[in-house]
Trainee: 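Before anything else, here's the structure in question.
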2 protein chains.
Amino acid sequence: MASRRPYRRESEERRRDDLIAAALDLVAEGGLHAATVRAIADRAGVTPGLIRHYFSSKEDLTRVAYHRLMEQMTADSAAVLQDGPEDATARLANFVVASVSPPVADPVAVGLWAAFVHDVRRDTEMRHVHTTNYLSFRNMLQGLIAALPRAVNDRQLLCDAIACNGVIDGLWLEGSILPEAFEPGEIASIALTSVGAILNVNLVAAYQPDRTTP
Amino acid sequence: MASRRPYRRESEERRRDDLIAAALDLVAEGGLHAATVRAIADRAGVTPGLIRHYFSSKEDLTRVAYHRLMEQMTADSAAVLQDGPEDATARLANFVVASVSPPVADPVAVGLWAAFVHDVRRDTEMRHVHTTNYLSFRNMLQGLIAALPRAVNDRQLLCDAIACNGVIDGLWLEGSILPEAFEPGEIASIALTSVGAILNVNLVAAYQPDRTTP
DNA sequence: TATCTTGTTATACGGTTGTGTAATTCAACG
DNA sequence: CGTTGAATTACACAACCGTATAACAAGATA
């Protein structure tokens with residue numbers, strides 16, 4: 001006699017998006033083990049069975065969710081380059097600061113990212129996603145460095161990109177995991193100084209805070 | 001009629017050590033979800049019930065295991081400073097290289113470390129362990145930097161330590177997760193160059209490879 | 001309004017999880 | 001050598017996991 005739960009039919013894209021978002025939400029809140037099939041479905045407002053209708057397995061959903069997360073993080077970084085200054089040094093400075101500031105640097109984002117590290121090492125497909133996004137970010141950085149008014153060969157340029165990427169990643173990590181251990185703006189300031197020192201360029205002076213939101 | 005499994009009584013310390021080691025082993029191999037009570041006990045050569053005899057809960061064991069892991073990683077870093085050269089610049093150079101080389105930099109170690117990041121954010125006690133070890137490492141680094149023959153104030157010294165720590169952590173991370181993306185020694189070389197650039201010291205020239213194992 | 005497709009729910013199943021409790025057997029002690 | 005205490009095993013239990021399958025109903029089509 002009990003009537004079935006009423007529902008609405010949604011587009012495949014919408015449902016997949018909702019399920020992926022719900023999965024990432026739960027991983028961010030409670031770690032990988034909190035993102036169970038039932039919890040994900042509940043968060044997305046559907047019943048558990050629907051997950052297997054849109055994803056061949058939970059592992060499939062996990063992979064897709066990781067893909068989505070990495071896309072988002074790379075897009076957040078790239079967004080800074082839109083509507084920025086034209087001066088090459090200023091562009092690099094803004095990019096560096098953005099990479100170690102919210103929303104890119106964020107405790108939740110780091111927790112989310114870390115949750116997948118082990119799977120990245122194990123799963124070929126996930127490792128491919130990771131490599132692609134890592135190189136994408138580094139190439140963005142390398143492009144900005146190459147545009148600087150200084151003369152270096154290709155070999156040196158690559159080393160510079162790796163080194164600067166290292167500083168950024170390290171500060172991103174520490175600032176996100178232990179935000180209370182640093183004063184506001186301290187990480188950004190240190191990032192500018194050290195990347196500038198590696199490239200022998202004054203990034204502190206070139207940095208132009210965002211003026212698009214007055 | 002079935003006889004019970006024979007066993008030997010061991011000291012509390014030995015049993016706790018075995019269980020912790022087994023737990024870390026399993027997390028390294030298969031992620032946090034692989035370290036179940038039964039799997040840990042099996043790996044340690046005991047039955048599952050024994051875990052609850054030495055640890056009040058599985059969460060308790062997890063915390064202790066994380067503590068042990070961090071102690072080990074810090075100890076590995078500090079070990080480099082034993083039996084090293086006396087010259088301050090050379091000591092720093094050796095420390096930097098060791099921090100981004102095996103066994104400190106290692107895919108398994110990173111996977112292990114990442115598995116606990118989420119819990120660190122959530123659990124107060126684990127966050128305390130993390131903070132302690134992070135500051136311990138950074139202070140070691142700061143001590144090495146302070147010994148360099150150059151004049152800087154305390155404020156600058158702290159910033160230098162944070163920055164250098166950032167480079168090291170970032171390169172440690174990338175070199176460990178994507179070891180095949182770099183040539184042998186490339187990460188170490190870049191680490192020396194960039195830390196040297198930040199501190200305005202020639203670390204490449206000062207680096208003295210270990211001569212204790214000819 | 002009647003029909004059909006399929007998105008969605010409902011339910012069942014075997015396996016696994018962490019935990020609680022009682023039964024054993026080891027090893028030290030008198 | 002018998003006794004005793006506790007380290008260890010054995011077992012039970014409820015909750016939860018991911019998956020499979022069948023029944024239903026929503027909404028487009030005619």
Side-chain angles (χ1 to χ4, degrees), chain A residues 1-24 26-27 29-66 115 118-119 122-123, chain B residues 1-27 29-66 115-116 118-119 122-123:
Chain A
M1 269 293 101
S3 68
R4 274 190 163 215
R5 150 184 187 160
Y7 61 91
R8 286 206 329 134
R9 295 190 171 204
E10 299 284 357
S11 70
E12 171 170 352
E13 188 187 359
R14 168 69 186 278
R15 278 278 129 95
R16 289 177 69 98
D17 281 359
D18 285 353
L19 289 171
I20 291 169
L24 290 176
L26 287 164
V27 173
E29 290 174 15
L32 260 182
H33 72 279
T36 67
V37 171
R38 286 167 178 81
I40 293 170
D42 197 54
R43 174 77 51 119
V46 297
T47 50
L50 197 59
I51 290 183
R52 300 291 316 287
H53 187 259
Y54 287 110
F55 301 93
S56 64
S57 69
K58 197 207 168 187
E59 190 183 353
D60 183 26
L61 169 56
T62 302
R63 267 197 283 254
V64 175
Y66 176 67
H118 181 272
D119 298 295
R122 201 175 202 194
D123 188 289
Chain B
M1 268 293 100
S3 68
R4 275 190 162 215
R5 151 186 187 156
Y7 61 92
R8 286 208 328 135
R9 296 190 170 200
E10 299 285 355
S11 70
E12 171 169 352
E13 188 187 359
R14 168 69 188 277
R15 277 279 130 95
R16 289 177 68 97
D17 281 359
D18 285 353
L19 289 170
I20 292 169
L24 289 177
D25 260 22
L26 287 165
V27 173
E29 289 175 14
L32 260 182
H33 73 278
T36 68
V37 173
R38 287 166 178 83
I40 294 170
D42 196 55
R43 173 81 47 125
V46 297
T47 50
L50 196 60
I51 290 182
R52 301 290 315 286
H53 187 259
Y54 286 110
F55 301 93
S56 64
S57 68
K58 197 207 166 186
E59 189 183 352
D60 183 26
L61 169 55
T62 302
R63 266 197 284 256
V64 175
Y66 176 67
F116 292 103
H118 180 271
D119 298 296
R122 201 177 201 193
D123 187 290

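A, B, ... follow the sequence lines: proteins, then strands. Residue 1 opens every chain.
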Trainee: What heavy-atom pair brings B:Thr36 and B:Lys58 nearest, and what distance separates the two atoms?
Mentor: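 Distance-wise, the nearest heavy atoms are CA-NZ, 4.4 Å.
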
Trainee: Return a table of donor-acceptor pairs under 3.5 angstrom between the side chains of residues 41-51 of chain B and protein atoms on other chains or two or more places apart.
Mentor:
from, atom 1, to, atom 2, distance (Å)
B:Arg43, NH1, B:Glu29, OE2, 3.0
B:Arg43, NH2, B:Glu29, OE1, 3.1

Trainee: B:Leu61 has an atom CG; how far is it from atom P of C:dT19, in whole Å?
Mentor: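 Going from B:Leu61 (CG) to C:dT19 (P), I get 10 Å.
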
Trainee: Starting at CD of B:Glu59 and ending at C1' of C:dT17, how long is that distance when rounded to a whole Å?
Mentor: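 Nearest whole value for this atom pair: 15 Å.
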
Trainee: Would you say that B:Thr62 contacts B:Asp123 through its side chain, given a criterion of any heavy-atom pair below 4.5 Å between the two side chains?
Mentor: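 No, too far: nothing below the 4.5 Å cut-off.
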
Trainee: Can you check nucleotides 28-30 of chain D for protein contacts, nitrogen or oxygen pairs under 3.5 Å, and list what you find?
Mentor:
none

Trainee: DNA chain C: B:His33 or A:Gly45, which has the more 5' nearest nucleotide?
Mentor: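 The 5'-side residue here is A:Gly45.
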
Trainee: Going by number, which of residues 5-21 of chain A have a non-hydrogen atom under 4.0 Å from DNA chain C?
Mentor: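 Heavy-atom cutoff 4.0 Å gives A:Arg5, A:Tyr7, A:Arg8, A:Arg9, A:Glu10, A:Arg15.
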
Trainee: Once rounded to the nearest 0.5 Å, what's the spacing between atom CZ of B:Arg15 and atom CD1 of B:Ile20?
Mentor: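 Interatomic distance, B:Arg15 CZ to B:Ile20 CD1, rounded to 0.5 Å: 13.5 Å.
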
Trainee: Any idea which heavy atoms bring A:Gly30 and A:Ala34 closest together, and the distance?
Mentor: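 Where A:Gly30 meets A:Ala34 most closely, the heavy atoms are O-CB, 3.4 Å.
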
Trainee: Could you tell me how far apart A:Leu26 (CG) and D:dC17 (C1') are, to the nearest whole angstrom?
Mentor: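 For the pair A:Leu26 CG and D:dC17 C1', the rounded distance is 15 Å.
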
Trainee: Between CG of A:Leu24 and CD1 of A:Ile40, what distance do you get to the nearest 0.5 Å?
Mentor: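 If I round to the nearest 0.5 Å, the distance is 9.0 Å.
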
Trainee: Can you find a pair of side-chain heavy atoms, one from B:Asp119 and one from B:Leu32, that are under 4.5 Å apart?
Mentor: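 B:Asp119 reaches B:Leu32 side chain to side chain.
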
Trainee: May I have the distance from B:Arg38 (atom CZ) to D:dT9 (atom P), rounded to whole angstrom?
Mentor: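 These atoms are roughly 14 Å apart.
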
Trainee: Tell me, please, which residues at least two apart from B:Arg8 pass side-chain contact (heavy atoms from CB on, under 4.5 Å).
Mentor: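 B:Glu10.
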
Trainee: Might you point out which heavy atoms bring A:Ala23 and A:Ala35 nearest each other, and give the distance in Å?
Mentor: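 Heavy atoms of A:Ala23 and A:Ala35 come nearest at O-CB, 4.1 Å.
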
Trainee: Hey, could you give me each pair passing ring pair (Phe, Tyr, Trp, His ring centres under 6.0 Å) that has a residue in residues 33-66 of chain A? Not counting sequence neighbours.
Mentor: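 Residue pairs passing ring pair (Phe, Tyr, Trp, His ring centres under 6.0 Å), neighbours aside: A:Tyr66-A:Phe116.
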
Trainee: Go through residues 47-58 of chain B and report each residue with a non-hydrogen atom lying under 4.0 Å from DNA chain D, sorted by number.
Mentor: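 Going residue by residue through residues 47-58 of chain B, the ones with a heavy atom under 4.0 Å of DNA chain D turn out to be B:Thr47, B:Gly49, B:Leu50, B:His53, B:Tyr54.
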
